[in-house]
Novice: 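The structure follows.
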Amino acid sequence: MRDIFIAANWKMNGDLKFAREYATIFWPIKKKDLKVAIAAPYTLLALLKETLDGCPCLLFAQNMHFEDKGAFTGEVSAPMLKELGVDGVIIGHSERRQYFAETDETVLLKTKKALASGLMPIVCVGETLEERDAGKHFEKVRTQVASLFGGISAEDAEKVTVAYEPIWAIGTGRNATPAQAEEMCAYIRSVVREISGDKAADALIIQYGGSVKTSNCAELMAMEDIDGALVGGAGLDPKGICEIIKSSYEAKRG
Ligand code: 13P
């Protein structure tokens, strides 16, 4: 049985005051088969590491460079994140692909670096509305997934979390239906099965992301191939995300 994995992606939100307050309110349920993470801006990681001490929660960055150091102005590397005690990193979020020209190639390089550095990667994939309307969503997601898993060993594949985030559902309030999300998550698992084998496919944690909230998380999490959620806007409320975590866990484990 795979772990349930709920992560809150703060995106470019939050200041020191917000992070301090969040950390005093946020306390997810503690279960052996549940992972919870906060993916915060770089500037808040050190503070959160301290203030979340003892909280059953992993600390994630939202991006990193694939080189360890060098002339890459404005970038942050895996060793820098490790030094802060960060546990993992989101890679290839659609906003990074769209606004910062990230490609399947850089996503692969970053994922390899994260794995080699002992950082847990959450790798995001997903289609635009145009691609879905044109019936090209499976093709698009297959390309993204195949590029990633084709470039790493089956052993490493087991350590990756994939987040399926249809771009048309991000920040729009319009989530994919449980059936749509399940269809794609099952497809992603089947592509990983083809490339990395049964063991990796069975172990692969797949999150759904895109307008996840308290009112829809249970029905999404009840789906067979959805193992967790990557939550944006709703994750900015510490009480709200705790409710999402609790009701997702209950929906999954009954
Ligand atoms: P929303 O939950 O705000 O739609 O954002 C989803 C997302 O992009 C998480 O990474």
Side-chain angles (χ1 to χ4, degrees), residues 4-14 18 22 26 28 35-42 44-45 48 57-64 86-100 102 107 110-111 114 119-129 131-132 137 140-141 144-145 148 160-178 180-182 184-185 188 205-221 223 226-248 251:
I4 297 164
F5 187 8
I6 312 286
N9 175 12
W10 287 8
K11 308 194 179 186
M12 197 172 71
N13 293 292
F18 173 84
Y22 192 103
F26 179 73
K35 284 198 197 77
V36 170
I38 292 178
Y42 293 134
L44 303 176
L45 291 172
L48 284 169
C57 172
L58 300 163
L59 188 58
F60 269 56
Q62 299 171 13
N63 176 41
M64 63 165 215
V86 168
D87 301 293
V89 59
I90 297 177
I91 294 172
H93 191 281
S94 61
E95 287 148 17
R96 303 254 4 132
R97 294 180 190 252
Q98 183 181 352
Y99 303 125
F100 303 97
E102 295 211 3
V107 167
K110 289 177 180 202
T111 305
L119 288 165
M120 300 164 55
I122 296 178
V123 181
C124 303
V125 299
E127 80 284 357
T128 63
L129 187 58
E131 286 160 344
R132 179 161 280 262
H137 43 305
K140 166 69 174 290
V141 171
Q144 293 176 325
V145 172
L148 174 66
V160 172
T161 294
V162 171
Y164 169 55
E165 297 206 310
I167 295 165
W168 47 271
I170 296 178
T172 58
R174 175 189 165 189
N175 61 286
T177 64
Q180 283 173 324
E182 168 61 16
M184 187 59 88
C185 291
I188 291 169
I205 294 179
I206 305 179
Q207 297 173 323
Y208 165 78
S211 299
V212 173
K213 40 191 179 266
T214 31
S215 58
N216 62 16
C217 63
E219 55 181 18
L220 286 158
M221 289 315 123
M223 297 288 120
I226 303 178
D227 307 303
L230 185 54
V231 186
L236 292 170
D237 168 14
K239 281 203 185 109
I241 187 75
C242 287
E243 271 175 49
I244 289 175
I245 292 162
K246 193 165 171 287
S247 100
S248 297

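Since the structure is predicted, the reported quantities are computational estimates derived from the model, not experimental observations. Counting starts at 1 for both ligands and their atoms, following the listed order. Below, each value reflects all heavy atoms present in this structure, side chains not excepted, and no hydrogens, waters or symmetry copies.
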Novice: Under 3.5 Å, side chain of Asn216 to main-chain N/O of Ser211, donor-acceptor pair present?
Specialist: yes

Novice: Using modelled atom types only, decide if a donor and an acceptor are shared between the side chain of Asn175 and the backbone of Gly210 within a distance under 3.5 Å.
Specialist: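 No, because the side chain of Asn175 does not come within donor-acceptor range (under 3.5 Å) of the backbone of Gly210.
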
Novice: Which atoms of ligand 1 have any heavy atom of Asn9 under 4.0 Å away?
Specialist: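 Result: 9 (C), 10 (O).
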
Novice: Enumerate the atoms of ligand 1 whose separation from the nearest heavy atom of Gly210 is less than 4.0 angstrom.
Specialist: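 Counting from 1, the qualifying ligand atoms are 4 (O), 6 (C).
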
Novice: Which pair of heavy atoms, one from Leu220 and one from Pro178, lies closest together, and at what distance?
Specialist: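 Looking at all heavy atoms of both residues, the closest pair is CD2-CA, 3.8 Å.
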
Novice: Hey, is Ala169 touching ligand 1 through its side chain, its backbone, both or neither, going by heavy atoms under 4.0 Å?
Specialist: backbone

Novice: With respect to Gly233, determine whether any N or O atom, backbone or side chain, lies less than 3.5 Å from an N or O atom of ligand 1.
Specialist: yes

Novice: Distance-only, no hydrogens or angles: does the Gln207 side chain make a donor-acceptor pair with backbone N or O of Thr161 under 3.5 Å?
Specialist: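 Checking the backbone N and O of Thr161 against the side chain of Gln207, no donor-acceptor pair under 3.5 Å is found.
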
Novice: Run the contact test for Gly209 against ligand 1 with a 4.0 Å cut-off on heavy atoms, strictly below, and give the result.
Specialist: no

Novice: List the atom of Gly228, the atom of Met221, and the distance in Å for their closest heavy-atom pair.
Specialist: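 Here Gly228 and Met221 meet closest at O-CE, 3.3 Å.
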
Novice: Do any nitrogen or oxygen atoms of Lys11 come within less than 3.5 Å of a nitrogen or oxygen of ligand 1?
Specialist: yes

Novice: Can you list the atoms of ligand 1 that are under 4.0 Å from a heavy atom of Ser211?
Specialist: 1 (P), 2 (O), 4 (O)

Novice: Going by the order shown, which atoms of ligand 1 are within less than 4.0 Å of some heavy atom of Ile170?
Specialist: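 This gives 4 (O), 5 (O), 6 (C), 8 (O) as the contact atoms.
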
Novice: Of all heavy-atom pairs between Tyr208 and Ala169, which one has the smallest distance, and what is that distance?
Specialist: OH-CB, 3.6 Å

Novice: Out of Glu165, Glu95, Gln62, who gets a non-hydrogen atom closest to atom 6 (C) of ligand 1?
Specialist: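 Among Glu165, Glu95, Gln62, the closest heavy atom to atom 6 (C) of ligand 1 belongs to Glu165.
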
Novice: For the 3.5 Å polar cut-off, considering only N or O atoms, please tell me whether Gly232 and ligand 1 meet it.
Specialist: yes

Novice: Give me the one residue out of Gln62, Glu165, Gln98 that meets side chain to side chain donor-acceptor pair (under 3.5 Å) with His93.
Specialist: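 Testing each of Gln62, Glu165, Gln98 against His93, the sole residue satisfying side chain to side chain donor-acceptor pair (under 3.5 Å) is Glu165.
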
Novice: Taking Arg97 for its side chain and Cys124 for its backbone only, find out whether a donor-acceptor pair lies under 3.5 Å.
Specialist: yes

Novice: Would you say Gly171 and ligand 1 have an N/O pair spaced under 3.5 Å apart?
Specialist: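 Yes; the residue has a nitrogen or oxygen that sits under 3.5 Å from a nitrogen or oxygen of the ligand.
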
Novice: Heavy-atom contact under 4.0 Å between Ala234 and ligand 1?
Specialist: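 Distance cut 4.0 Å: Ala234 fails for ligand 1.
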
Novice: Quick one: look at Leu230 and ligand 1, take heavy-atom pairs under 4.0 Å, and tell me if it's side chain, backbone, both or neither.
Specialist: both

Novice: I'd like to know if the side chain of Asp87 and the backbone of Phe60 have a donor-acceptor N/O pair within less than 3.5 Å.
Specialist: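 It does not hold such a pair.
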
